[in-house]
Amino acid sequence: MGSIGDREKNKEKSKLTEKDIQWSLRFFLSQPKYKLYNLYVFGWESDCLLLTKSGYWYEFEIKISRSDFKNDFKNKGDKHRILGTISDTKKPNYFYYVVPEGLIQVDEIPSYAGLIYINERCRHNIVKQAPVLHKVKNNPKDLNLTDKFYYNMQSAIN
């Protein structure tokens, strides 16, 4: 658990960008079936999603400032309600916050989330393992991924 002095020190703007952190997550799983960035899949935009070959979804919510982290709970209440609800299975199987090293502390993370630190050399360290939110394997076809890929590609082109 960090002290208030640690939190004050880490309030400084990180040199890491969201793109740096997304890039660093490519090594989180050895060979995922899909790596998706900034895509709406579960009813909200995900900074990074990985689908394993065995069919489990990992969502990574990237935060590069403390205010961004705090605003996540104010502005995305429905998302956090769904993530915290046991009976809802239209969500990722695992959910992580990914932040520059020391930006937030484990005691600030909700019980349904894990925490990963990224250091200045873009290496990750799992500080808190994400719990299994559910064991249902959401089929990519049921999530309309083809339409979402197409829309994302068209948006990038335009």
Side-chain angles (χ1 to χ4, degrees), residues 14 16-101 103-106 108-119 122-158:
S14 170
L16 294 171
T17 66
E18 181 177 342
K19 293 287 183 205
D20 293 333
I21 294 174
Q22 285 175 331
W23 180 81
S24 72
L25 289 171
R26 76 190 188 290
F27 297 120
F28 186 78
L29 296 173
S30 60
Q31 294 182 334
K33 184 173 183 176
Y34 295 124
K35 294 177 190 176
L36 311 171
Y37 303 102
N38 302 105
L39 196 65
Y40 286 82
V41 174
F42 294 105
W44 55 79
E45 182 181 17
S46 299
D47 295 331
C48 180
L49 280 170
L50 300 179
L51 177 64
T52 66
K53 289 181 180 177
S54 59
Y56 293 105
W57 288 95
Y58 286 75
E59 180 178 351
F60 302 92
E61 182 69 30
I62 297 169
K63 299 297 175 194
I64 58 172
S65 71
R66 287 191 56 76
S67 60
D68 187 21
F69 174 71
K70 289 180 180 183
N71 285 335
D72 198 53
F73 298 97
K74 292 178 188 172
N75 301 329
K76 298 179 183 175
D78 287 343
K79 173 183 178 177
H80 292 287
R81 182 188 51 72
I82 291 168
L83 289 170
T85 304
I86 295 171
S87 61
D88 197 329
T89 59
K90 192 165 184 191
K91 60 185 174 186
N93 302 91
Y94 300 90
F95 178 81
Y96 281 95
Y97 278 101
V98 186
V99 301
E101 198 167 38
L103 183 74
I104 55 179
Q105 304 302 313
V106 173
E108 297 176 273
I109 299 297
S111 61
Y112 54 80
L115 177 62
I116 298 173
Y117 282 166
I118 303 292
N119 68 22
C122 289
R123 299 225 162 111
H124 70 270
N125 175 29
I126 299 172
V127 180
K128 178 188 174 201
Q129 192 73 39
V132 177
L133 299 179
H134 63 89
K135 293 184 180 182
V136 173
K137 296 179 181 181
N138 285 306
N139 188 324
K141 290 179 185 177
D142 296 338
L143 297 171
N144 298 319
L145 283 187
T146 304
D147 293 342
K148 292 171 184 180
F149 285 154
Y150 177 77
Y151 177 79
N152 203 28
M153 181 186 74
Q154 287 300 319
S155 296
I157 290 170
N158 294 331

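Side chains included, hydrogens not; waters and symmetry mates left out as well; all remaining heavy atoms used.
Checking side-chain atoms of K128 against main-chain N and O of A113 turns up a donor-acceptor pair under 3.5 Å. Judged by distance alone, with hydrogens and angles left aside, the side-chain atoms of N138 form a donor-acceptor pair with the main-chain N or O of K91 at under 3.5 Å. Side-chain atoms of Y117 come within 3.5 Å of backbone atoms of I104 as a donor-acceptor pair (strictly under, hydrogens ignored). Judged by distance alone, the side chain of K137 and the main-chain N or O of S54 form a donor-acceptor pair under 3.5 Å.
Within the 6.0 Å centre-distance limit, the rings of F95 and Y97 are counted as a close aromatic pair.
Remark: F28 CZ to H124 NE2 distance equals 5.5 Å, nearest 0.5 Å. A distance of 13.0 Å separates CG in D72 from NZ in K70, rounded to the nearest 0.5 Å. Here the CH2-OG1 distance, from W23 to T17, works out to 11.0 Å after rounding to the nearest 0.5 Å. Between L51 atom CG and K33 atom NZ the span is 6.5 Å, to the nearest 0.5 Å. The distance from the CG atom of L36 to the SG atom of C48 is 8.0 Å, given to the nearest 0.5 Å. Once rounded to the nearest 0.5 Å, the distance linking OH of Y40 with OG of S46 reads 9.5 Å.
Between the side chains of Y96 and Q129, at least one donor N or O sits under 3.5 Å from an acceptor N or O. Remark: the W44 side chain and the E59 side chain contain an N/O donor-acceptor pair separated by less than 3.5 Å.
Within the 4.5 Å cutoff, the side chain of N119 has no heavy atoms near those of the N125 side chain. Side-chain contact check for Q22 versus I62: some heavy-atom pair is nearer than 4.5 Å. Proximity of K74 to N71: side-chain heavy atoms (C-beta onward) are separated by under 4.5 Å at one or more points. Side chains of Y94 and V132 form a contact here, defined as non-hydrogen atoms less than 4.5 Å apart. Between F42 and L49, some side-chain heavy-atom pair lies under the 4.5 Å cut-off. Counting only heavy atoms from C-beta outward, the side chains of L115 and E108 never approach each other to under 4.5 Å. With contacts defined as side-chain heavy-atom distances shorter than 4.5 Å, the pair I109/F69 qualifies.
The shortest non-hydrogen separation linking S24 to I118 is OG-CD1, 3.4 Å. Taking both residues in full, the closest heavy atoms of L133 and P92 are given as CD1-O, 3.5 Å, listed atom of the first, atom of the second, then distance. Heavy atoms only, all atoms of each residue included: E18 and I64 are closest at N-CG2, 4.1 Å. What you find for E45 and K79 is that their closest heavy atoms are O-NZ, 4.4 Å.
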Evaluate D47 against N38 for side-chain contact (heavy atoms from CB on, under 4.5 Å), listing each step before the verdict. CA-CA 5 Å; D47 295 331; N38 302 105; 4.0 Å; yes
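For N93, the side-chain contact (heavy atoms from CB on, under 4.5 Å) partners two or more places apart in sequence, or in a different chain, are Y56, W57, H134.
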Show which side-chain atoms of residues 83-90 pair as donor or acceptor with protein atoms under 3.5 Å away, not counting sequence neighbours.
| residue | atom | partner | partner atom | Å |
| --- | --- | --- | --- | --- |
| T85 | OG1 | R81 | O | 2.6 |
| D88 | OD1 | K90 | N | 3.0 |

